[in-house]
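Note sheet for the following structure.
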Amino acid sequence: PVTHYLKDYQPSNYQIDSIELTFDLDPLATRVTNVMQMTFSPNASDDRRLVLNGQKITLLECWINGNLLSAEDYDLDDEFLTLSPSLDAFELKIVTQCAPQNNTSLEGLYRTSGNYCTQCEALGFQTITYYLDRPDVLSFFTTKIIADKSQNAVLLSNGNLVEASDLPDGKHYAVWHDPFKKPCYLFALVAGNLSLIQDTYQTMDGRLVDLRIYVEPQNIDKCDHAMASLKKSMQWDEERYGLVYDLDIYMIVAVDDFNMGAMENKGLNVFNSKFVLAKPETATDVDYEGIESVIAHEYFHNWTGNRVTCRDWFQLTLKEGLTVFRDQEFTGDMLSIPVKRIEDVKRLRSNQFPEDAGPMAHPIQPQSYIEMNNFYTMTVYEKGAEVVRLYQTLLGRDGFRKGMDLYFQRHDGQAVTVEDFRNAMADANHVDLSQMQAWYVQEGTPVVTAKTHYDAKLQTLTLSLEQTLKGKVPQQPLMIPVLIGFMGYDGQPLTLMPSVQDKNSLEERGDSWLLKLTEPKQDFIFEQVATYPVISYLRDFSAPIILKTPNALPELEVLAQYDSNAFVRWESMQALALASMEQGVSAYQQQQPLTLLPSFAAAFASVLADSSLDLSLKALALTLPEMTYVADQYTEIPLEAIQAVHQFTQQALAEKFSQALLQTYESLQVNEPYRYEKQAIAQRKLKNVCLKYLAKLPQNLAIAVNQFEQKSNMTDVLSALEVLSHHQTADSAKCLQAFYQDWSKDSLVLDKWFSIQAAAQVPDILAQINQLLQHPDFKYTNPNRVRSVLGVFGRLNWVGFHQASGTGYQLLAEQVIKLNGINPQIASRLVAPLSHWKRYDSGRRLLMRQALESILATENLSKDVYEIVSRSLA
Ligand code: HT7
Ligand code: ZN
């Protein structure tokens, strides 16, 4: 397979000024007529050849300026149609045919639940027609859709509807025109029998926007939350960034078969129905929050991605990192800023940090790829968002806003690079941000080690910070802002003053100091320090790093109880829990009895009893770090020990605090209708954390059964079912069966039924997974269903997947091979759990490697799977 490199970028030698597409839709023979006005635009290569991308389509006709070309006039292979036009400006007409019904890759034009839909990002448009399929070729699109009216009452594309009418033979057509130039990855077409809800939004400049959400008719009662989320997003973007929607209509279509979460096609977003459909009986708080944030994310792309787009796919983080940052800020404002920050850091640590430490590690601006779809990663998205956040941390909110304003002023309507973004931030604030470049090109999670030296005589405190990347001094040191604060051992805040010579590398931020670490090693000196303070490090997780602090148990206890920064309070609880589990792992390995670390138990007790603490923060503080996070602390993972200690810790806490947990649980039982609102969410969250502990004691399982049977809302029902699923009891089987009976016709809820069983910690999990795969409702063509069994098994059932026999690995490898032929994007994403094989013990290492090798030996391996597996084995 061919590797593509960022260093090879060249502007296109042709521009496409406008494109008129006509789709004559048919499941097996859709005819696409594409008329493009082309201009030669010489680049450095001096090449006049016009090389159009095109795959998996049949070329029927090709015309230049009304002249039909014959086969000698062009070169055609599996990937390209190459022409040699002699004119500088001409009309190119290409007629092709494709079969959406047979397209199971869900890229290009495909069918879902009997409707037509498209997915063009990253390189799907070339499976629809021949085109310059690259994001820096921007064009005006006009789309005519012709289809059978009874099967396809709704015909949608980007922009505004300009014409629609009936045709003979039961057909009809619609013509859409998009007044904004766009790259082809933002093209969309939808056709089918869909129902819609409609609303309007008045923009801050007084225009009325027609808002529409299209869904399958049976889902029409589950769209209100999505619509409310859209309106909130529109308002937030106006208030926070002054960004106003630009078309008269904004459409969202929910489909069941979709490879990712959603797609920001101009004016016509296509969504995985998981991120649209919700009502209290069917959706959990997590689902509601997911919908709000994905709706916002796609809406925010209208400016960060669509109006200003990427020059090439190596710039993906330009739009994705920035848009994730924007959606994170939005969700924080809608719910709770500290809770959102903690949740995002948890996600980053459990998904992105391992990616950055494994064989697929890449900078947020990858330098090469074989299959672009493999680079829609946690690194590009989530670490990319952290890097954007660094600008805001360094420049402040107002400075960041100035940078955004200049970015849009300079680049509206353009396809640009991450340097353009950085330059706008720097120029708008008259600062030098060139050192930020290193974050884009160096992979790996930076480790910062903090050391302190207190001189009682001089009353100075020296804080030394040293940065390393992959164990070495980074090739280019990174600019790392570290937000810190001070307090006494009594928990009282302390105000310390830095020495005069450090003023340039420090900034005061409320009750904190922002230290700017720019050197491999740097000292920060504070003066007139009467006693050695407790230091609160990395407040708000001010940089995506691993910070090693000298804080020991006494400092962690003070921070967990008193720090003014919610993030550090939570982090200190996690550190105490981790310390408890780490000493447990040592004890397990030395065959000593397991115990809870007293300082952790004390901190747990005080959090549980703290009536002033926000309930969501309390729920987070009482939740143990995941087993995989514990595993990340070891070079070779002691899997059995971690499992035993994790299990023991939950059980011991449940026993020790059973009274308080029960009291808290009962105090949070409210008999009110479901509301998606901060306080109600927090109550359910804490209640269900308590339930999880309580259910570790067999006598409390009845509480879970009771909660399940109440059927108050899906959050509570699912939490109860989840705790029951780890017990192979008659009650558990009965509840699972009842859940199936209730929801077998609702595919999103049925996904939850599959997921819960795939994640269950039960001894015969392999048999259970096989049963799920053979279940009549399991469909290999539906990504959500595949993810709910195989994705969950590999990622979330850590113990079951890593059974020492290797049967989990074999099963996953077989399923990847099967899916490779159906949907390569989905197949390649399932490989990740195998790719970390080098971290496990020798027995597992061998078995995981064998599983990867069996995939690599498969005939007709897609580029997607090949790239991940070959990099994993390298
Ligand atoms: N920008 C969208 C990316 C996307 C995608 C990429 C590859 C294959 C299928 C896909 N569906 C959507 C989603 C987003 O980040 O908003
Ligand atoms: Zn995005």
Side-chain angles (χ1 to χ4, degrees), residues 55 103-110 112 117-128 133 135 158 182-190 229-230 233 237 252-276 290-310 313-331 364 366 369-385 388 783-784 786-787 823-829 862-865 867-868:
Q55 291 184 57
N103 181 358
T104 55
S105 70
L106 313 188
E107 181 182 50
L109 177 64
Y110 65 94
T112 166
C117 117
T118 54
Q119 171 54 39
C120 294
E121 188 175 0
L123 299 162
F125 193 72
Q126 60 189 282
T127 68
I128 295 177
D133 195 350
N158 317 88
K182 66 167 176 286
C184 63
Y185 83 85
L186 290 173
F187 169 79
L189 174 153
V190 169
S229 304
L230 176 59
S233 313
D237 221 12
I252 288 174
V253 180
V255 301
D256 279 346
D257 304 293
F258 201 72
N259 282 346
M260 303 254 288
M263 180 63 213
E264 68 265 24
N265 314 301
K266 183 78 188 185
L268 176 55
N269 290 184
V270 177
F271 271 64
N272 185 328
S273 55
K274 179 175 166 52
F275 293 108
V276 174
I291 291 168
E292 191 170 77
S293 77
V294 177
I295 295 261
H297 180 98
E298 305 312 325
Y299 175 72
F300 298 155
H301 266 315
N302 189 55
W303 278 94
T304 50
N306 299 5
R307 288 288 286 258
V308 183
T309 195
C310 299
W313 290 118
F314 298 102
Q315 316 298 327
L316 183 62
T317 201
L318 171 76
K319 75 176 177 85
E320 295 304 348
L322 178 54
T323 307
V324 170
F325 167 74
R326 276 151 55 64
D327 84 52
Q328 289 176 347
E329 292 284 278
F330 166 76
T331 303
I364 62 168
Y369 66 80
I370 292 177
E371 170 52 62
M372 186 54 214
N373 287 326
N374 284 332
F375 286 84
Y376 286 77
T377 58
M378 290 300 289
T379 297
V380 167
Y381 275 63
E382 310 294 323
K383 186 175 179 182
V388 172
N784 288 355
V786 171
R787 282 187 281 255
N823 186 333
Q825 283 184 34
I826 296 301
S828 83
R829 283 180 183 269
S862 60
K863 284 194 292 179
D864 312 56
V865 177
E867 183 170 35
I868 306 284

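Both counts, for ligands and for their atoms, begin at 1 and track the order of listing.
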| H301 versus E320: any side-chain heavy-atom pair under 4.5 Å? | yes

| request: Taking only heavy atoms of the protein into account, state which residues are under 4.0 angstrom from an atom of ligand 1, in chain and number order. | output: Q119, E121, F258, M260, A262, M263, E264, H297, E298, H301, K319, E320, N373, Y376, Y381, Q825

| said: Quick test of your reading: applying salt bridge (charged side-chain N to carboxylate O under 4.0 Å, His left out), list the pairs with at least one residue in residues 259-273, sequence neighbours left out, ordered by first then second residue. | reply: D246-K266, E264-K319

| Residues in side-chain contact (heavy atoms from CB on, under 4.5 Å) contact with S862, at least two apart in sequence or another chain | N820, P824, D864, V865

| field | Working for side chain to side chain contact (heavy atoms under 4.5 Å, CB included), residues Y376 and Y381 | value | CA-CA 7 Å; Y376 286 77; Y381 275 63; 3.4 Å; yes

| said: Please verify the inter-ring angle class for F300 with F330; under 30° counts as parallel, over 60° as perpendicular, anything in between as tilted. | reply: perpendicular

| message | Need the atom name: nearest N/O/S atom of E320 to the Zn ion (ligand 2). | response | OE1

| task | Quick one: list whatever passes side-chain contact (heavy atoms from CB on, under 4.5 Å) with N103, sequence neighbours left out. | result | S105, Y110

